[in-house]
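Before any comments, here is the structure.
Predicted model, so just to flag it, every value in this text is computed and none were measured.
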Amino acid sequence: PPLVAVAGAKGGVGATSVAVNVAMSLAGLGQRVALVDVDFCRADIALYCGLSPRYTTGDLLAGRNELHEILVAGPGGVQIAAGRWASADVIESRPATQHRLIDQLRRLGGHVDVVLIDIGCDVGPAAQQYWQAADRILLVTTSHQVAVMDAYAAVKVAGTQCANPSIDLVFNQLSDSDDAHALFQRIQQSSQRFLGLSLGFAGSIPNDPQVNEAIRMRLPVMAHASDCPSVTAFDAIATHLCERSGTTASVAA
C-alpha cells in the first residue's frame with residue numbers, strides 16, 4: 001500500500017490530530033487504513049483515540065512483537081499501531097530496526113489500502129528513514145512565522161535526504177484572517193527557487209474549538225462533532241490524498 005508520512009514542521013502544529021482525523025476520513029471514504037505511530041517524542045495517537053493497547057511500535061522495534069500483533073481496531077475502523085514515549089536509544093535505533101518496521105508496513109497490501117505514519121516533528125536519522133520510505137509526505141504547519149520557516153527547513157531536509165520527494169503542505173489551526181494559499185505560495189516559491197522542489201497543497205484546517213474539546217474527550221473530532229468546520233477540512237484532505245495516491249474513494253462517509 002502507499003505509505004503516507006505525516007510530519008510536523010515543528011512541535012505543537014497538530015500533526016498527530018491531522019494524522020488521526022485524516023485516517024478516519026479516509027476510512028469513511030471506503031479505504032482500509034492503517035495508522036502507525038513512530039513519534040517516540042510525543043507518541044499520542046493512542047491517547048487521541050481512547051486506546052490502551054498492550055503492545056506498541058516500540059515492542060516491534062525491540063524485536064518482541066510483529067506488526068500484526070500490534071495493530072488494534074481504532075475509531076472508524078482504522079487499524080492502529082500505537083507508539084510509546086521512548087528513550088533516545090529507541091528513537092535513534094539502528095537503521096536495520098527501522099527498516100524491519102517499514103518492510104512489515106509494505107507487506108500490508110492484502111489488508112489495507114493506505115498506511116499513514118505519524119513521524120512527529122523530528123528530522124533526525126530515524127525519522128529520515130520514514131521520509132525516504134514514504135510515497136507521499138504530508139507536512140503540517142501553521143501560519144505562525146516560526147512554523148512557516150520550519151516548514152521550509154523541513155522541505156530542505158526532505159530534498160536532501162529523499163530522491164524526488166512528493167510533499168504536500170497542510171496548514172492547520174488557521175484563523176479567519178489567514179490566507180492558506182498565500183502561505184503556500186510563499187513556501188512554494190522559495191522551494192522552487194532555492195531547492196528545485198515543487199510542492200503540493202493538500203488543504204487547510206480552521207482553528208476549531210471542537211478539535212480541542214474532542215482531544216479532552218480522547219476522541220478524534222471526526223467521531224466527536226461530524227458537522228464542524230474542521231471535519232469538512234479533513235474530508236477535503238482525505239479526498240486529495242485519494243486522488244494523489246491513485247486510490248478510489250468508494251463510499252461516502
Under a 4.5 Å cut-off applied to non-hydrogen side-chain atoms, are [X] and [Y] in contact?
X    : Y    : value
D122 : D39  : no
P165 : L197 : yes
Y48  : P75  : no
I70  : P53  : no
P2   : R136 : no
Y130 : L3   : no
L241 : V4   : yes
L101 : T97  : no

request  = With sequence neighbours excluded, tell me which residues meet side-chain contact (heavy atoms from CB on, under 4.5 Å) with R54.
outcome  =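 By the side-chain contact (heavy atoms from CB on, under 4.5 Å) rule, R54 matches no residue at all.
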
From [X] atom [atom1] to [Y] atom [atom2], the distance as rounded to the nearest 0.5 Å:
X    : Y    : atom1 : atom2 : value
Q79  : H68  : CD    : NE2   : 12.5 Å
L183 : R186 : CG    : CZ    : 7.0 Å
I102 : I117 : CD1   : CD1   : 6.5 Å
C49  : D44  : SG    : CG    : 10.5 Å
L199 : Q188 : CG    : CD    : 5.0 Å
C162 : I167 : SG    : CD1   : 7.0 Å

inquiry  = Checking side-chain polar atoms at under 3.5 Å, does Q210 have a donor or acceptor matched by the opposite partner on H224?
reply    =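 There is such a pair (donor and acceptor under 3.5 Å, judged by atom type) between the side chains of Q210 and H224.
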
query = When you check the side-chain N and O atoms of D178 and S175, is any donor under 3.5 Å from an acceptor?
reply =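 Side-chain D/A pair, D178 to S175: present.
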
State yes or no: do [X] and [Y] share one hydrophobic cluster built from I, L, V, M, F, W and Y residues joined by side-chain heavy-atom distances below 4.5 Å, directly or via other members?
X    : Y    : value
L169 : M149 : no
V155 : V146 : no
L116 : V72  : yes
L47  : I45  : no
L219 : F234 : no

Between [X] and [Y], is there a donor-acceptor pair closer than 3.5 Å when you use the side chain of the first and the backbone of the second?
X    : Y    : value
Q161 : Q128 : no
N21  : P220 : no
N212 : P209 : no
T239 : D235 : yes
N65  : L60  : no
R84  : Y55  : no
S204 : F171 : no
S143 : L174 : no
N172 : V13  : yes
D208 : S230 : yes

task = Using the salt bridge (Lys or Arg N to Asp or Glu O under 4.0 Å) rule, take D135 and R244 through it: C-alpha gap first, then chi angles, then the decisive distance, then the call.
result = CA-CA 10 Å; D135 300 290; R244 295 297 292 268; over 6 Å; no

Test ring-ring contact (aromatic ring centres under 6.0 Å, His included) applied to F201 - qualifying residues, sequence neighbours left out =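 Testing F201 for ring-ring contact (aromatic ring centres under 6.0 Å, His included), a comparison that skips the adjacent residues, returns H181, F184.
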
ask   = Given the rule in the side chain to side chain contact (heavy atoms under 4.5 Å, CB included) test, do S25 and I237 qualify, once you have shown the distances and angles that lead to the verdict?
value = CA-CA 9 Å; S25 184; I237 294 169; over 6 Å; no

inquiry  = Can you tell me which residue among L108, V78, L35, I80 is in a side-chain contact (heavy atoms from CB on, under 4.5 Å) with L71?
reply    =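 Testing L71 for a side-chain contact (heavy atoms from CB on, under 4.5 Å) against L108, V78, L35, I80 leaves exactly one candidate, L108.
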
[X] versus [Y], closest heavy-atom pair with distance:
X    : Y    : value
G110 : R32  : O-NH1, 3.4 Å
R100 : G63  : NH1-CA, 3.9 Å
T142 : V148 : O-CG2, 3.5 Å
T57  : G83  : OG1-CA, 3.5 Å
A225 : V231 : O-CG2, 3.2 Å
V221 : C228 : CG2-SG, 3.7 Å

inquiry  = For H144, is the NE2 atom crowded, meaning more than 12 foreign heavy atoms sit under 6.0 Å from it?
reply    =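 No, NE2 of H144 has 12 or fewer neighbouring heavy atoms, counting only those of other groups under 6.0 Å.
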
